[in-house]
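Worksheet: the structure to be examined is printed underneath.
Counting from 1, the numbers follow the sequence of the chain as shown.
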Amino acid sequence: MKRETQSNRDRIEMTTTETNPRKLRGHKATATCCIASRNRPGFVATSAEDGCICWFDMRCKDVQLVMEIGKEPISSLCFKSGNEDIIYASSGMEVQCFDVHMATSWKPLQSYSYNKEEINQISCNSKSSFLAAADDGGDVKIIDIHQHHLYKTLRAGAGHTSICSSVQFLPWRPWEVITGGLDSKLIMWDFSKGRPYKIMDFGLPDMNSGGNTGQSFNPAFVHMLAVPEVDMLDKVDQICVVARGDGIVDVINIESELSAMRSKTSTKPRRGSQSRSKESSPTADIETSDQNGRKRLCLDYSLGGHTAAVSCVAFSLFGEIGKFIISGGNDKSVKVWDWSKYYDARQSNDNNDLHLNISLSQKVNWLCTTPTESENLVVCDTTKVVKVYSVS
């Protein structure tokens, strides 16, 4: 075990970059969120605690537009699916909608104030019909953005018992969302019925593989989730990536988990017992395999991963789309994971998952990627200056 750890450390040193990033200036306080346009490569929007949204074009030196939409910090941004001229921003307990072409007026097209606690993340579904807002009270509000009314509340108690930190729609399941919270739970919901149908508790011992000596001892809070967009599904499968407070990045095959759940409820007790035994196997980076042999991954310290809480995760939009998973953490680092070998069950596990390690001077708040060959990784840390790196 010691020899394997030393080998990983040697590999990490070779993949660490100290390249000076490009710096995007425009905010007056800590940058909190960033999103990148797919229709207009190199076009990026960022938000901050100054209540502003800054728009950057990577072809230009300076910030292109600053929208002053309020005095409260902006916690999250998202584009309207299929129409990137429309952007949503959450601030405090409110979600506001803006048209980029009318940005100089700073007047929202719509405003939604259904949440009773501060919002942590918002997400728009692939059909642009619903928006989800996850808040500090553990609730998730599902808003009908066509009819402009509250469609459903995913209530704390039925699901999360603490802060709900992240929410994502599942593009291949049009009436379902997945949420994560500071109760260490990942919950899959049928939002048409307003109730959960699958709960994974990372706080349970059998949900944590390995127990590596260098791993963070923080609770396995779920800080952020990432799911593939519709055009990624044929390349990366129906998965969810989980940023955990104990420094682990989990890659979970959603359909495999649901198949296992259905199998447990329909098989004999003896077979159900065998299934649980397989899930709690103490392998370093594999907990289960789906029916196609693709593995459920646990990207942790033993593979060169984070030594503190993972705050954010995203898929790569550059190059071969979805080839990389990018994670940022409180250990002041960004990890670029090449997990493409796991698409193919014939590939062996050679522990060469970490493609690149980027050392920062501050903790990471948010990150996103752009569909360009260079300047394709945007990082918001705990300063007001947004950093941009090139990954190849």
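Ion pair D250/R244 flagged as a salt bridge, since at least one NZ, NE, NH1 or NH2 atom sits closer than 4.0 Å to an Asp/Glu carboxylate oxygen. One finds no salt bridge joining K71 and E49 here, because no Lys/Arg side-chain nitrogen approaches an Asp/Glu carboxylate oxygen to under 4.0 Å. Residues E84 and R38 are not paired through a salt bridge, judged by the lack of any N-O separation under 4.0 Å between the basic side chain and the carboxylate. Taking 4.0 Å as the cut-off between side-chain N and carboxylate O, D139 and K116 do not count as a salt-bridged pair.
Note that SG of C34 is 9.5 Å distant from CG of L24, once rounded to the nearest 0.5 Å. Taking CE from M58 and CD from Q64, the interatomic distance works out to 10.5 Å, rounded to the nearest 0.5 Å. Taken to the nearest 0.5 Å, the OG atom of S166 stands 9.0 Å off from the CG atom of N120. Between the CG atom of D201 and the CG atom of D183 there is a distance of 7.5 Å, given to the nearest 0.5 Å. For the atom pair H223 NE2 and C312 SG, the distance stands at 10.5 Å (nearest 0.5 Å). Once rounded to the nearest 0.5 Å, the distance linking CH2 of W55 with SG of C60 reads 14.5 Å.
Using a 4.5 Å cut-off between side-chain heavy atoms of Ile, Leu, Val, Met, Phe, Trp and Tyr, with links allowed through other members, L109 and I122 fall into the same hydrophobic cluster. One hydrophobic cluster holds both I86 and V95 under the rule that ILVMFWY side chains link at heavy-atom gaps under 4.5 Å. A single hydrophobic cluster is not seen to contain both L154 and I163; linkage of ILVMFWY side chains at heavy-atom distances under 4.5 Å, directly or through other members, places them apart. If you chain together hydrophobic residues whose side chains sit under 4.5 Å apart, I239 and V313 fall into the same group. Residues V167 and W172 do not share a hydrophobic cluster, defined by chaining ILVMFWY side chains whose heavy atoms lie under 4.5 Å apart.
Across S165 and G181, no two heavy atoms sit closer than the pair OG-CA, 3.7 Å. Shown here for N365 and A31, the closest heavy-atom pair between the two residues is ND2-O, 3.0 Å. Here the closest heavy-atom approach between residue K28 and residue D50 is recorded as N-OD2, 2.8 Å. When all heavy atoms are compared, the tightest approach of G180 to L225 is N-CD1, 3.5 Å. S128 approaches G82 most closely through the heavy-atom pair OG-N, 4.3 Å. Shown here for C298 and L303, the closest heavy-atom pair between the two residues is O-CD1, 3.8 Å.
With hydrogens and angles ignored, the 3.5 Å screen pairs no side-chain donor or acceptor of D331 with any backbone N or O of A309. In terms of modelled atom types and a separation under 3.5 Å, the side chain of D234 and the main chain of D237 share no donor-acceptor contact. S184 places a side-chain N or O within donor-acceptor distance of the main-chain N or O of A220, the cut-off being under 3.5 Å. A side-chain donor-acceptor contact under 3.5 Å links K387 to the backbone of V385.
H101 is listed as a side-chain neighbour of D85, based on a closest heavy-atom distance under 4.5 Å. Between I326 and K335 there is no side-chain heavy-atom pair separated by less than 4.5 Å. Residues L377 and V388 are not in side-chain contact: their nearest non-hydrogen atoms beyond the backbone lie 4.5 Å or more apart. Inter-residue side-chain proximity for L170 and V177 is flagged as unmet; no heavy-atom pair is nearer than 4.5 Å. Under the 4.5 Å side-chain criterion, counting only non-hydrogen atoms from C-beta, V249 is not in contact with W339. M188 has its side chain out of reach of E176: every pair of non-hydrogen atoms, C-beta onward, lies at least 4.5 Å apart. No side-chain heavy atom of I187 sits under 4.5 Å from any side-chain heavy atom of I178. Using a 4.5 Å cut-off on side-chain heavy atoms (C-beta onward), Y301 and H306 make no contact.
Under 3.5 Å, the side chains of D190 and S192 contain a donor-acceptor pair of N or O atoms. Counting only N and O atoms by type, the side chains of K141 and T153 include a donor and acceptor under 3.5 Å apart. Looking at T32 and W366, their side chains never bring a donor and an acceptor atom within 3.5 Å of each other. If you check the side chains of Q96 and S111, you find no donor sitting under 3.5 Å from an acceptor.
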Is there a side chain to side chain donor-acceptor pair (under 3.5 Å) between S333 and S359? Walk through the geometry before answering. CA-CA 5 Å; S333 72; S359 297; over 6 Å; no

For I53 and T46, what are the C-alpha separation, side-chain angles and deciding distance, and is it a side-chain contact (heavy atoms from CB on, under 4.5 Å)? CA-CA 6 Å; I53 300 174; T46 64; over 6 Å; no

Does the pair T369 and N376 meet the rule for a side-chain contact (heavy atoms from CB on, under 4.5 Å), with working shown? CA-CA 5 Å; T369 63; N376 46 23; 5.6 Å; no

Would you sort out whether L317 and T372 count as a side-chain contact (heavy atoms from CB on, under 4.5 Å), showing the intermediate values? CA-CA 8 Å; L317 295 178; T372 53; over 6 Å; no

Show your working on ring-ring contact (aromatic ring centres under 6.0 Å, His included) between F191 and F169 and close with a plain yes or no. CA-CA 10 Å; F191 69 82; F169 289 92; 5.7 Å; yes

Run Y389 and I358 through side-chain contact (heavy atoms from CB on, under 4.5 Å) and show every step you take. CA-CA 9 Å; Y389 298 85; I358 302 174; 3.6 Å; yes

Under the side chain to side chain donor-acceptor pair (under 3.5 Å) criterion, do S390 and E375 qualify, and how do the steps go? CA-CA 4 Å; S390 294; E375 296 186 337; 5.7 Å; no

Check against side chain to side chain donor-acceptor pair (under 3.5 Å), T179 and H160: CA-CA 9 Å; T179 63; H160 293 288; 2.7 Å; yes

Residues T383, D381; criterion side chain to side chain donor-acceptor pair (under 3.5 Å); working and verdict: CA-CA 5 Å; T383 69; D381 58 25; 2.6 Å; yes

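For H355 and F324, the distance between ring centers is under 6.0 angstrom.
Looking at residues two or more places apart in sequence or on another chain, you find a ring-ring contact (aromatic ring centres under 6.0 Å, His included) between Y151 and F130.
For residues 63-96, there are no ring-ring contact (aromatic ring centres under 6.0 Å, His included) pairs, not counting sequence neighbours. Applying the side chain to side chain donor-acceptor pair (under 3.5 Å) test to pairs two or more places apart or on separate chains, those with a residue in residues 72-83 are S75-S90.
Residue R40 qualifies as enclosed at atom CZ: its count of foreign heavy atoms under 6.0 Å is above 12.
Using a 30° and 60° split on the angle between ring planes, Y112 and Y114 fall in the parallel class, below 30°.
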